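The structure appears right after this line, and notes come after that.
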Amino acid sequence: GAVGDGVTDDAAAILAADLAANANNSRLVFNSGTYLIKQNIALTHNPQWYGQGMPDNAFMTGSAGVEGTTIKFDTGYTLTITGSAGSEITRVRFVSLGIIADNSSQVVKMTYVNNSDAFEQVYLKQNGSGNGLDIDTVWTSNFSSLFIRGDNTLAVGSRMGTGLLCRNLLTGGGLLYFNQLTVRDFAKGSEIGSDTNGVGFLLSSISLSNPQITLCDEGLHIGYGVQSISIDAAYIEAITDGAGGGAGIRVWEGARSVSIIEPWSTGCDTSISIGKSGGSLSGQVVTVSIIGGQLSAVKDKGIEVWSGSLTSEININGVSFNPETGGAGDAIWLEDANHKGVYIRSCEFPETGSVFANDIVNIERASTVVDKDRSLIGALSTGYNIETIPSSKTLTLLDAKQQILTASGAARSVRMPTDAESAGQSPWFIYNAGSSLTNLIVRKSDNTTLLITLNDGDGAKLWCDGTSWYVEEITATLVVV
């Protein structure tokens, strides 16, 4: 039988025991110890491997620690679990163990797997340049308490591989659930879908609950083909490539229906990036919601939204933004005005201490004419409080149809679009300062032409005919509800 002393090659013994367990539809149970394997293991049935406990970080990174049950592949070898179309592998089960590899491929690869509680309390460690877990064409499977770690000796910018690679290159799949996924020390924490537009089939109904992505050059990528993904209570830390380009969560062009709920990120170049193109396909990002959470110690941007083919709504609701001391350009950066709907509601920005170096909302101007049937910031709704915008900053509004803004505290400045871009606009402004000594100042985009100054309790409706702005109505002593 297998020895588990970390020296003896246990491959033959493990394969024999696995075949016997599979023939009896039973579990293969490992004792504590380290089981060395000096060959590739290719399983084409439904393995059920149970250990005596997952090894700890110290042991997996080469120090003294809790050994648990560890399967250690010699350099260059890997574990694959492979079914085929119409003969998918079911009931894959790995529980309470660790698997170490040192290769340029992956620690474990699963292909054509269906209906499995695949991993529970499993630690995958990649000491080479390869990936951690590679999933291709997998349906209706659960992954719980899965820890994936790369080479922890590599510096920022030189890390390698992807921790979790989940794509459908062969045919469609989905209904995948990841609960307490932890990934660290890779060039890319995870890629769900494909970063390259047009590559792969649909990947539907993905759920990540309490994922943790840390110490990677890039964080959690949601790519082409993903149809409906929910990311709940993600913890994203220290995602930086050393050149300011790393993103904690990156939603590529070609993904659809992305829900990010209560994210918490710290120390990332950019916390959340939406809509950057990964290829030549005219893909789309359709409906992205970011609800609650805190984006702290932001190095460059809190949320960035790229232009191009975004064709539906992006909702940013109740997010708290805080920049890194001495860093961070913008809380929210929008590449240009060609978006159908970007909605920003009830967000919080720092008023004192570390504030964003550039703007709270920064819109990079495009050379193309703004489509006036689209709404760039469509719902800075009644009750939205811009008092947290530092008095030295401005909020830029483009295509601001029927905007209602409230503000309180020190004097604020709101900058409107150019006349040519503003035909037919009629935004309302309501100012609730709590003190008659402060003003809400509304300017044109040149930042010099004053449109109106509102005192405490005042409101005004402005209107533009495409040539000039007009103050259509002023109402004093408004009650803001």
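Quick caveat, the model's predicted, so the values are computed rather than measured. The first residue of the sequence shown is numbered 1, and numbering continues consecutively from there.
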Begin from the C-alpha positions of Leu208 and Ile192 and carry the test side chain to side chain contact (heavy atoms under 4.5 Å, CB included) through to its verdict. CA-CA 11 Å; Leu208 289 92; Ile192 299 175; 3.8 Å; yes
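- Two residues are said to be in side-chain contact when any heavy atoms from C-beta on lie closer than 4.5 Å; Phe94 and Ile71 fail this criterion.
- Considering Val3, Asp5, Asp10, Asp9 as possible partners of Val7, the one that fulfils the side chain to side chain contact (heavy atoms under 4.5 Å, CB included) test is Asp5.
- When atom types are taken as modelled, the side chain of Arg250 and the backbone of Gly219 share no donor-acceptor pair closer than 3.5 angstrom.
- The shortest distance between side-chain heavy atoms of Val258 and Val226 does not fall below 4.5 Å.
- By the side-chain contact (heavy atoms from CB on, under 4.5 Å) test, Met54 pairs with Tyr123, sequence neighbours left out.
- Between Tyr35 and Phe30, the ring-plane angle classifies as perpendicular under the 30° and 60° cut-offs.
- Side-chain contact between Tyr112 and Asn114 is absent, with no heavy-atom pair separated by less than 4.5 Å.
- Between Thr111 and Thr80 the shortest side-chain heavy-atom distance does not fall below 4.5 Å.
- Just one residue in the list Asn131, Asn103, Asp151 forms a side chain to side chain donor-acceptor pair (under 3.5 Å) with Gln126, and that residue is Asn103.
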For the pair Tyr224 and Trp252, evaluate ring pair (Phe, Tyr, Trp, His ring centres under 6.0 Å) and give the outcome as yes or no after the intermediate values. CA-CA 7 Å; Tyr224 175 81; Trp252 287 93; over 10 Å; no
Test side chain to side chain contact (heavy atoms under 4.5 Å, CB included) on Asn179 and Asn142; report intermediate values, then the result. CA-CA 8 Å; Asn179 183 31; Asn142 300 315; over 6 Å; no
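- Under the 3.5 Å distance criterion, with hydrogens and angles disregarded, no donor-acceptor pair is assigned to the side chains of Gln52 and Thr69.
- The closest side-chain heavy-atom distance from Leu28 to Trp49 is below 4.5 Å.
- For Thr70 (side chain) and Glu67 (main-chain N/O), a donor-acceptor pair under 3.5 Å exists by modelled atom type.
- The backbone N or O of Thr137 lies less than 3.5 Å from a partner atom in the side chain of Asn168, making a donor-acceptor pair.
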